[in-house]
Amino acid sequence: MTARYILTISCPDTVGIVAAVSGFLAERGCNIIDSAQFGDRTSGLFFLRIFLAAPDGGPDHAGLAAEFGAIAKRFGMTWHLHDAERRQRLLILVSKFGHCLNDLLYRYRVGGLNVEIPAIVSNHRDFYQLAAWHNVPFHYLPVKPDNKAEQEARLWEIVEQERIDLVVLARYMQVLSPELCDRLAGRAINIHHSFLPSFKGAKPYHQAFARGVKLIGATAHYVTSNLDEGPIIEQVVERVDHTLTPDDLVEVGRDVESVVLARAVKYHTEHRVLLNGAKTVVFR
Ligand SMILES: Nc1nc2c(c(=O)[nH]1)N[C@@H](CN(C=O)c1ccc(C(=O)N[C@@H](CCC(=O)O)C(=O)O)cc1)CN2
């Protein structure tokens, strides 16, 4: 079967990057199936994503990567050559609200996400049966006032034991420590139930009700030690009005949160998201 890869690149912007990369691929008989690029004039950085097919009998993954090194060095690239067929391994974290977890598990079941989900972790037992129904191991890791470090150590053990690529905070209502955020930098995505930067922290729907907004939304972002400040991957808004109570806003928000988180997980696991400082470039 023809090997397919996704090449992602970021580097200082200059003339000749696309020509050099496409020339490298053409010389090796690689076919470009899809390509997208962006030059950020503010940061002076260039971003490129190429979905490619390599010829049978040509260089394998390691061979292509080794040969690409010279070009990468010439342009000072941060780059990755991903196996397009490889399913990323997800760890889903959840607390008491299960709509995002339920949505992700259904998309996984019907093949809407090219991933594996070897584990779910929760600080509550509420979704033990949902996990069992989907045949996904469930780990109950309660958080008490004096056990945060031990709880996070056990969480990290699961990340390592299950060879986790991406941690998804699907309404996980515990703040991760700076140490864990550093270990999971660029591979932990949280769904915040507001249209950031509005209404950070806990209870954003009550804040929205009190403010009388006409639009509410949800934001998927990478997790950093600065609460709700991580690079944004996806946002969606929905119109609301004066007739809706806080509980009504929570209900409207459930659907928006589920869609936003699922899109962000899909974009990340398809290597469509590149970090650009405190922001992202998303090749949708
Ligand atoms: N390091 C980070 N950890 C988490 C983030 C983040 O951005 N950086 N996002 C949160 C999710 N979240 C909002 O989206 C959020 C969750 C929880 C809280 C909070 O104040 N939690 C209290 C405990 C609440 C409880 O026990 O129910 C706390 O941790 O003291 C604020 C925002 C996920 N983690």
Side-chain angles (χ1 to χ4, degrees), residues 90-104 119-127 139-156 158-159 164 166-211 213 216-238 246-247 249-250 252-265 268 273 275 277-280:
L90 266 53
L91 170 62
I92 303 178
L93 311 185
V94 64
S95 289
K96 302 257 323 158
F97 301 108
H99 51 284
C100 292
L101 169 67
N102 187 54
D103 183 84
L104 287 171
I120 294 166
V121 160
S122 181
N123 57 321
H124 298 283
R125 287 196 177 93
D126 296 51
F127 302 108
H139 302 265
Y140 170 52
L141 303 182
V143 174
K144 303 185 185 93
D146 59 356
N147 84 332
K148 194 167 180 98
E150 290 79 17
Q151 192 261 7
E152 285 202 349
R154 177 63 187 127
L155 178 55
W156 180 248
I158 294 168
V159 170
I164 296 297
L166 177 66
V167 174
V168 179
L169 288 72
R171 291 299 301 271
Y172 182 67
M173 301 311 287
Q174 293 298 313
V175 177
L176 304 186
S177 68
E179 296 75 24
L180 188 55
C181 289
D182 290 345
R183 288 179 176 182
L184 294 173
R187 56 181 187 120
I189 294 174
N190 175 59
I191 184 68
H192 182 75
H193 38 315
S194 85
F195 185 53
L196 289 174
S198 298
F199 312 134
K200 294 173 182 171
K203 294 192 173 298
Y205 292 119
H206 289 75
Q207 295 179 57
F209 175 80
R211 185 71 183 81
V213 296
I216 61 168
T219 304
H221 63 89
Y222 287 115
V223 171
T224 65
S225 54
N226 300 320
L227 196 58
D228 305 329
E229 296 282 348
I232 292 171
I233 303 165
E234 178 68 337
Q235 294 183 293
V236 166
V237 294
E238 187 66 56
D247 287 347
L249 296 179
V250 168
V252 171
R254 269 199 291 269
D255 298 338
V256 180
E257 291 165 37
S258 299
V259 167
V260 169
L261 184 58
R263 283 185 192 167
V265 169
H268 179 94
V273 186
L275 282 172
K279 302 189 292 183
T280 64

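Atoms within each ligand, like the ligands themselves, are counted from 1 in listed order. This is a predicted model, so every value here is computed, not measured. Because only heavy atoms are used, hydrogens play no part in the values below, and waters and symmetry mates are left out as well, while side chains stay in.
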Review point. So, H124 and S122: side-chain donor and acceptor under 3.5 Å apart, yes or no?
Key: no

Point to revise | Within-4.5 Å side-chain heavy-atom neighbours: V259 and D255 | key: no

Review point. Are the side chain of T280 and the backbone N or O of I232 linked by a donor-acceptor pair below 3.5 Å?
Key: yes

Practice item. Run through ligand 1 for me and note each protein residue having a heavy atom under 4.0 Å from it, chain first, then residue number. Key: L169, Y172, M173, Q174, V175, L176, C181, N190, I191, H192, H221, V223, T224, L227, D228

Point to revise | Donor-acceptor pair, side chain of Q151 and main chain of L141, under 3.5 angstrom | key: yes

Side-chain polar contacts of residues 181-190 - donor-acceptor pairs under 3.5 angstrom, sequence neighbours left out - could you list them?
{"unit_1": "R187", "atom_1": "NH1", "unit_2": "I164", "atom_2": "O", "d": "2.8"}
{"unit_1": "N190", "atom_1": "ND2", "unit_2": "H221", "atom_2": "NE2", "d": "3.0"}

Check your understanding: Crowded around Y205 OH? As in, over 12 foreign heavy atoms under 6.0 Å?
Key -> yes

